[in-house]
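Quick caveat: nothing in here was measured; it's all calculated off a predicted structure. Along the sequence shown, residues carry numbers from 1.
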Amino acid sequence: MFKLTIALAASLLSLIAPAQGHGYVQEITLASTDYSGYLPYSDPYYNPVPDRIVRKIPGNGPVQDLTLIDIQCNGYTDGGFTTAPAPIYGTVAAGSQVKLNWTTWPDSHVGPMITYMALAPSDITKWSPGTSAVWFKVAESGKTSDGKWAATDLLTASNSIYTFTIPAKLKPGQYIIRHEIIALHAAYTYPGAQFYPGCIQVQVTGSGTAFPTSFVSFPGAYTASTPGIVYDVYTNTSSYPIPGPAVWTGN
């Protein structure tokens, strides 16, 4: 009864918490297979904790310090929470779509949505990149020419589902997909921008042989002076410079 009460309370909290102002990816679709995301307000309360393909996160809140390892896959260093490899991974073919279902995202938290990948040199369920430069960008969406933002207007229009495609010629292997929203509602100074990263573990299949030659690290890819990190959304009507390197397509 005690375990059931805790699980029920956690489940109720999971429904309330996202509405308070932040969010995370709650479901992943790899081609036609659905996987639950890591659910921070219910998963830790189950015994055993459910196996997920997503590395654990502390909650629905942001990371704001770009120098911390928290910026990589989420975390709360100051509160003693560090993420860790997930126990399983999903499978997806190169060239296939990945759909990421976010919890309800607040209208005020405008900003870009950016996706990176990193090839694991060994068993992905035991590997953490640390501060090594292993990440390459595979997708990004920012501000359209008519002023619509990826993380609010476009995400809402697609029923909270963000879709990107694994590069068709990417060589097979185990990869971490690092996906994030950067909320810019307070980004007129640094620290101000809010980062909501999450890391998904996948096995990419196929016959591709392409692989990038330029990589970034997290932390390291963004600094306070990186274009797009400090940006006043209330006064800036120009185009938005999406932070980070160019998208690698493999073509």
Quick one: closest heavy-atom pair of Trp105 and Ala183, and the distance?
CZ2-CB, 4.2 Å

Which heavy-atom pair separates Gly208 from Pro172 by the least distance, and what is that distance?
O-CD, 3.3 Å

Side-chain touch Tyr41/Asn60, heavy atoms, less than 4.5 angstrom:
yes

Give me the atom names and distance for the closest heavy-atom approach of Thr125 to Pro85.
O-CB, 3.2 Å

I want to check something: taking the side chain as every heavy atom from C-beta on, are Leu39 and Arg52 in contact at a cut-off of under 4.5 Å?
yes

Are Tyr162 and Val25 packed together at the side-chain level, in the sense that at least one heavy-atom pair is separated by less than 4.5 angstrom?
no

For a 4.5 angstrom cut-off between non-hydrogen side-chain atoms, does Leu68 reach Val63?
no

Exercise answer: donor-acceptor pairs, residues 237-251 side-chain atoms, under 3.5 Å, sequence neighbours excluded:
from   : atom 1 : to     : atom 2 : distance (Å)
Ser238 : OG     : Asn236 : OD1    : 2.4
Tyr240 : OH     : Gly228 : O      : 2.7
Thr249 : OG1    : Asn251 : N      : 3.3

Looking only at side chains, do Thr83 and Asn74 share a donor and an acceptor under 3.5 Å apart?
no

Phe164 and Tyr196: same hydrophobic cluster, using ILVMFWY side-chain contacts below 4.5 Å?
yes

Considering all heavy atoms of both residues, which atom of Pro62 and which atom of Gln194 are nearest to each other, and what is their separation?
CB-CB, 3.5 Å

Using distance only, find each side-chain donor-acceptor pair of residues 197-206 under 3.5 Å and give its atom names and separation, not counting sequence neighbours.
from   : atom 1 : to     : atom 2 : distance (Å)
Gln201 : OE1    : Arg55  : NE     : 2.8
Gln201 : OE1    : Arg55  : NH2    : 3.1
Gln201 : OE1    : Ala86  : N      : 2.8
Gln201 : NE2    : Ala86  : O      : 3.1
Gln201 : NE2    : Ile88  : O      : 2.8
Gln203 : NE2    : Gly173 : O      : 3.4

Pair Tyr222-Phe218, ring-ring contact (aromatic ring centres under 6.0 Å, His included): steps then yes or no:
CA-CA 8 Å; Tyr222 306 150; Phe218 285 100; 5.3 Å; yes

Got more than 12 heavy atoms from elsewhere within 6.0 Å of CZ, Phe215?
yes

Of all the heavy-atom pairs spanning Ile182 and Ile114, show the shortest one and how long it is.
CD1-CD1, 3.8 Å

Under 3.5 Å, is there a donor-acceptor pair between the side chain of Asp70 and the main chain of Thr77?
yes

Can you name the residues that form a ring-ring contact (aromatic ring centres under 6.0 Å, His included) with Tyr76, not counting sequence neighbours?
none

Residues forming a side-chain contact (heavy atoms from CB on, under 4.5 Å) with Ala224, sequence neighbours excluded:
Tyr190

For the OH atom of Tyr24 and the CG atom of Asn101, what is their distance to the nearest 0.5 Å?
11.0 Å

Could you go through Val134 and Trp127, starting from their C-alpha distance and side-chain angles, then the distance that decides it, and tell me whether this counts as side chain to side chain contact (heavy atoms under 4.5 Å, CB included)?
CA-CA 12 Å; Val134 294; Trp127 178 67; 4.2 Å; yes

Would you be so kind as to tabulate the donor-acceptor pairs closer than 3.5 Å made by side chains of residues 150-160, with sequence neighbours excluded?
from   : atom 1 : to     : atom 2 : distance (Å)
Asp153 : OD2    : Trp149 : N      : 2.7
Thr156 : OG1    : Thr152 : O      : 2.8
Ser158 : OG     : Leu154 : O      : 3.1
Ser158 : OG     : Leu155 : O      : 3.1
Ser158 : OG     : Ile161 : O      : 2.7

How long is the straight-line distance from OG of Ser217 back to CD1 of Ile71, given to the nearest 0.5 Å?
11.5 Å

For a side chain to side chain donor-acceptor pair (under 3.5 Å) with Thr115, tell me which candidate from Lys137, His179, Glu140 qualifies.
His179

Look only at the side chain of Tyr234 and the backbone of His185, and say whether a donor-acceptor pair between them is shorter than 3.5 Å.
yes

Greater than 12 external heavy atoms within 6.0 Å of Tyr89's OH
no

Do Thr67 and Pro219 come close enough that some side-chain heavy atom pair is under 4.5 Å?
no

Treat each ILVMFWY residue as a node, draw an edge where side-chain heavy atoms are under 4.5 Å apart, and state whether Val54 and Ile69 are in one component.
no

Do Leu170 and Phe211 make a side-chain contact, defined as non-hydrogen atoms from C-beta onward lying under 4.5 Å apart?
yes

Honestly curious: do Ile177 and Phe195 fall in one hydrophobic cluster under the side-chain, below-4.5 Å linking rule?
no

Distance-only criterion, 3.5 Å: show the donor-acceptor pairs between side-chain atoms of residues 26-36 and protein atoms not counting sequence neighbours.
from  : atom 1 : to     : atom 2 : distance (Å)
Gln26 : NE2    : Trp102 : O      : 3.3
Thr29 : OG1    : Asp34  : OD1    : 2.6

Once rounded to the nearest 0.5 Å, what's the spacing between atom CE of Met113 and atom CD of Glu180?
10.0 Å

Can you find a heavy atom in the side chain of Leu119 that is under 4.5 Å from one in the side chain of Lys171?
yes

NZ of Lys56 to SG of Cys73, rounded to nearest 0.5 Å, is 12.5 Å

Heavy-atom pair with the smallest gap, counting every atom of Pro167 and Met117
CD-SD, 4.3 Å

For Ile124, is there any backbone N or O sitting under 3.5 Å from a side-chain donor or acceptor partner on Gln174?
yes

Is there a path of hydrophobic side-chain contacts, each under 4.5 Å between heavy atoms of I, L, V, M, F, W or Y residues, that connects Val138 with Ile181?
yes

